[in-house]
Enquirer: 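Sharing a structure here in structure tokens format.
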Amino acid sequence: MAKTMLSLPDTSMDDFIEAEQAAERLRDGFAEYFSRYDALITHVLPIPAHKHGVDRFIIDGKEVDATYLQGAIVPLNVTGLPGIALPFGKGREGMPINVQIVGKWHTEPLILHIASLLEAVSPMKGAHPSR
């Protein structure tokens with residue numbers, strides 16, 4: 001049975017401050033990146049999409065927990081950067097491979113424009129899930 005949020009131990013002030021400082025370093029790094037570039041296009045997962053309920057994966061011959069797959073999205077969520085994800089291909093098993101487009105804060109129109117350009121040339125254009 002999963003623990004509820006209320007049953008988890010309190011975060012210490014030291015841990016909270018350390019996490020906030022790490023998030024600030026991430027924000028500073030992204031601000032520096034976006035001072036030179038308009039957008040970042042990256043993968044959503046380091047593997048094609050997977051079936052629901054799978055919690056262990058073999059990547060480069062090593063078994064990893066599903067949380068490992070979040071490496072490309074967690075920093076963006078922590079910093080509050082705007083982004084959008086869209087399918088841009090299929091893996092060997094036919095599952096989608098998604099890309100995400102990220103921009104600096106308050107640049108949602110630019111991100112949507114880049115997404116529309118990518119969508120127009122995507123091999124997934126017009127694809128629909130099988131039933």
Side-chain angles (χ1 to χ4, degrees):
M1 185 169 154
K3 289 184 175 184
T4 66
M5 293 291 287
L6 296 175
S7 69
L8 295 173
D10 289 338
T11 301
S12 73
M13 186 54 72
D14 288 342
D15 288 347
F16 176 79
I17 291 170
E18 184 179 329
E20 280 298 314
Q21 289 173 337
E24 189 61 30
R25 285 191 299 275
L26 278 173
R27 284 188 286 274
D28 289 346
F30 280 116
E32 200 278 321
Y33 174 87
F34 286 120
S35 73
R36 295 186 320 239
Y37 303 101
D38 292 330
L40 170 66
I41 300 174
T42 184
H43 60 80
V44 174
L45 298 174
I47 61 173
H50 51 86
K51 295 180 180 176
H52 292 281
V54 178
D55 63 355
R56 310 286 303 163
F57 300 91
I58 304 295
I59 298 178
D60 293 331
K62 296 179 182 174
E63 185 174 304
V64 296
D65 185 87
T67 57
Y68 169 85
L69 303 178
Q70 300 173 357
I73 57 175
V74 168
L76 305 173
N77 292 337
V78 167
T79 57
L81 288 164
I84 188 170
L86 63 144
F88 201 74
K90 286 186 179 182
R92 281 179 256 144
E93 296 179 9
M95 297 296 279
I97 297 173
N98 298 313
V99 297
Q100 60 185 343
I101 302 133
V102 182
K104 64 183 168 185
W105 299 272
H106 310 294
T107 59
E108 288 85 350
L110 174 64
I111 296 165
L112 291 170
H113 177 69
I114 294 169
S116 71
L117 294 173
L118 279 178
E119 189 175 46
V121 298
S122 171
M124 298 292 290
K125 183 178 178 180
H128 299 282
S130 58
R131 294 182 187 230

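Because the structure is predicted, anything quoted here is derived from the model rather than measured.
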Enquirer: Is it the case that atom CZ in R92 sees more than 12 heavy atoms from other parts of the structure closer than 6.0 Å?
Expert: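 Not more than 12 within 6.0 Å, no.
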
Enquirer: If hydrophobic clusters are built by linking Ile, Leu, Val, Met, Phe, Trp and Tyr wherever their side-chain heavy atoms come under 4.5 Å apart, do I84 and V74 end up in the same one?
Expert: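 I84 does not cluster with V74.
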
Enquirer: If you define the side chain from C-beta out and look only at heavy atoms, does anything of L112 sit under 4.5 Å from P109?
Expert: no

Enquirer: Hey, could you give me the OG/CD1 distance between S116 and I111, rounded to the nearest 0.5 Å?
Expert: 12.0 Å

Enquirer: Could you walk me through whether L40 and L81 pass the side chain to side chain contact (heavy atoms under 4.5 Å, CB included) test, one step at a time?
Expert: CA-CA 11 Å; L40 170 66; L81 288 164; over 6 Å; no

Enquirer: Assess the residue pair L45 and N98 against the criterion (side chain to side chain contact (heavy atoms under 4.5 Å, CB included)); give the C-alpha distance rounded to whole Å, side-chain angles, the decisive distance to 0.1 Å, and a yes or no.
Expert: CA-CA 7 Å; L45 298 174; N98 298 313; over 6 Å; no

Enquirer: Give a yes or no on whether the backbone of A31 and the side-chain of W105 come within a donor-acceptor separation of less than 3.5 Å.
Expert: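 Checked: no pair found.
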
Enquirer: Applying a strict under-4.5 Å side-chain criterion to I, L, V, M, F, W and Y, I'd like to know whether Y37 and L117 cluster together.
Expert: no

Enquirer: Is there a path of hydrophobic side-chain contacts, each under 4.5 Å between heavy atoms, that joins I41 and F88?
Expert: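 Yes; F88 is reachable from I41 via cluster members.
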
Enquirer: Less than 4.5 Å apart, side chain to side chain, heavy atoms only: is that true for T42 and V99?
Expert: no

Enquirer: For the residue pair L110 and D38, establish whether any side-chain heavy-atom pair is separated by less than 4.5 Å.
Expert: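 The answer is yes; the side chains approach within 4.5 Å.
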
Enquirer: Judged by atom type as modelled, is there a donor-acceptor pair below 3.5 Å linking the side chain of S122 to the main-chain atoms of L118?
Expert: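 Not at all, since once roles are kept as given, no pair shorter than 3.5 Å links the two residues.
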
Enquirer: Taking everything shown except E93 itself, do over 12 heavy atoms lie less than 6.0 Å from its CD?
Expert: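 No - once you tally the heavy atoms of other residues, nucleotides and ligands closer than 6.0 Å, there are 12 at most.
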
Enquirer: Does A39 offer a backbone N or O that forms a donor-acceptor pair with the side chain of Y33 under 3.5 Å?
Expert: yes

Enquirer: Say you draw a straight line from CD of E108 to NE2 of H106; how long is it, rounded to the nearest 0.5 Å?
Expert: 7.5 Å

Enquirer: Under 4.5 Å between any side-chain heavy atoms of R56 and D65, yes or no?
Expert: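 Contact flag for R56/D65 side chains = yes.
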
Enquirer: How long is the straight-line distance from CG of L26 back to CD of Q21, given to the nearest 0.5 Å?
Expert: 12.5 Å

Enquirer: Apply side chain to side chain contact (heavy atoms under 4.5 Å, CB included) to the pair Q100 and H43, showing each step before the final yes or no.
Expert: CA-CA 6 Å; Q100 60 185 343; H43 60 80; 6.0 Å; no

Enquirer: Are any non-hydrogen side-chain atoms of M124 and K90 less than 4.5 angstrom apart?
Expert: yes

Enquirer: Once rounded to the nearest 0.5 Å, what's the spacing between atom OG1 of T79 and atom CZ of R25?
Expert: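 One finds 14.0 Å between OG1 of T79 and CZ of R25.
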
Enquirer: Treat each ILVMFWY residue as a node, draw an edge where side-chain heavy atoms are under 4.5 Å apart, and state whether V102 and I114 are in one component.
Expert: no

Enquirer: Does I101 form a side chain to side chain contact (heavy atoms under 4.5 Å, CB included) with L86? I'd like the steps, not just the answer.
Expert: CA-CA 9 Å; I101 302 133; L86 63 144; 3.4 Å; yes

Enquirer: Could you tell me whether the side chain of F30 reaches within less than 4.5 Å of the side chain of P75, counting heavy atoms only?
Expert: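 Contact flag for P75/F30 side chains = yes.
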
